[in-house]
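As the structure is a computational prediction, the values presented were derived from the model and not from experiment.
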Amino acid sequence: MAPNGTQGITLDDAQMKVVKTVGDYFNGLSTLQGSFVQSTADGKKMKGKFSLMRPGKFRFDYAPPSKQIIISDGEYLAIQDHDLNNEDRVALDQTPFRLLLRKDVDLVKDAKIMEVQEAEDLMVLGLQDKSPDTPGRIKLYLSTKPALELKEWVTTAAQGLETRVEISDLTKGGTIDAAQFKIQTVTNNPLATP
């Protein structure tokens, strides 16, 4: 590994198989819906429902009392707080999710593999985008029994703060209304149109 820790690890055959298995899992997803619990570095927990549609679209609706929505339309990711009537928006390509939600997921080509672990019923894969414009890391946890399924991920921001998201009640391949991934501008006038 390079002294700055950004080189990634050299993969043996077993680790390469894990990386390819995880990449194939994401390539095989068309849609995914379920529930989530998010834990932040300061110990705050929030929960809600999420929907994902590849390539590039997802939406996290936080349960009350939060009025927060995180939404990606495939090009941008918006973090909207409807309590404060504000929004932060970044290009999806500047987030670690770009690696997993693109049209053709190729983790060997596009990611620096930082960690690979495999146990009897769990795969763990730590990734960092090779692009210098995409700070942060993501660590994926997938159960392998009874079938391969994403269970949680931990994102580490450029500042080192971690956010853990555990998911459950998953439905794969269901029909999702694509309109829910349209980013509406947050405004404090409820009658205004975007």
Separation of [Y] [atom2] from [X] [atom1] (nearest 0.5 Å):
X      : Y      : atom1 : atom2 : result
Ile138 : Gln128 : CD1   : CD    : 12.0 Å
Met114 : Thr156 : CE    : OG1   : 10.5 Å
Gln15  : Glu115 : CD    : CD    : 10.0 Å
Tyr76  : Gln94  : OH    : CD    : 9.5 Å
Glu120 : Ser143 : CD    : OG    : 12.5 Å
Glu152 : Gln38  : CD    : CD    : 12.5 Å

Least distance between heavy atoms, [X] atom then [Y] atom:
X      : Y      : result
Gly136 : Pro96  : C-CG, 4.3 Å
His82  : Ile69  : NE2-CD1, 3.7 Å
Lys109 : Lys130 : O-NZ, 3.0 Å
Gly56  : Ser72  : O-OG, 2.7 Å
Leu140 : Leu142 : CB-CD1, 3.9 Å
Leu150 : Tyr25  : N-OH, 3.1 Å

message: If hydrophobic residues (ILVMFWY) are linked whenever their side-chain heavy atoms come closer than 4.5 Å, directly or via other members, who joins Val154 in its cluster?
response: Leu122, Val124, Tyr141
Audit row: Leu127, Ile113, side-chain contact (heavy atoms from CB on, under 4.5 Å) steps and yes/no: CA-CA 5 Å; Leu127 307 169; Ile113 309 301; 3.4 Å; yes
message: Restricting to side-chain contact (heavy atoms from CB on, under 4.5 Å), what partner residues turn up for Asp13, sequence neighbours left out?
response: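 Partners of Asp13 by the side-chain contact (heavy atoms from CB on, under 4.5 Å) criterion come out as none, since no residue qualifies.
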Are any non-hydrogen side-chain atoms of [X] and [Y] less than 4.5 angstrom apart?
X      : Y      : answer
Thr175 : Thr31  : no
Thr144 : Thr21  : no
Arg54  : Asn27  : yes
Leu99  : Phe26  : no
Leu100 : Leu107 : yes
Glu87  : Ile183 : yes

query: More than 12 foreign heavy atoms under 6.0 Å from CZ of Phe181: is that the case here?
result: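 Yes.
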Would you say [Y] ends up clustered with [X] if hydrophobic residues are merged whenever their side chains have heavy atoms under 4.5 Å apart, either directly or through other cluster members?
X      : Y      : answer
Leu77  : Val165 : yes
Val37  : Trp153 : no
Leu84  : Tyr62  : no
Leu161 : Phe60  : no
Leu29  : Ile167 : yes

So does [Y] get a backbone contact from the side chain of [X], meaning a donor-acceptor N/O pair under 3.5 Å?
X      : Y      : result
Gln80  : Gln184 : yes
Asp177 : Gln180 : no
Thr95  : Leu92  : yes

Under 3.5 Å, sequence neighbours excluded: what are the donor-acceptor pairs made by side chains of residues 41-52?
unit_1: Asp42; atom_1: OD1; unit_2: Thr40; atom_2: OG1; d: 2.4
unit_1: Asp42; atom_1: OD1; unit_2: Lys44; atom_2: N; d: 3.2
unit_1: Lys45; atom_1: NZ; unit_2: Ser39; atom_2: OG; d: 3.0
unit_1: Lys49; atom_1: NZ; unit_2: Ser35; atom_2: OG; d: 3.0

message: Among Arg102, Arg98, Lys103, exactly one meets salt bridge (Lys or Arg N to Asp or Glu O under 4.0 Å) together with Asp110. Which residue is that?
response: Arg102
field: Carboxylate-amine/guanidinium proximity below 4.0 Å for Glu162 and Lys139
entry: no
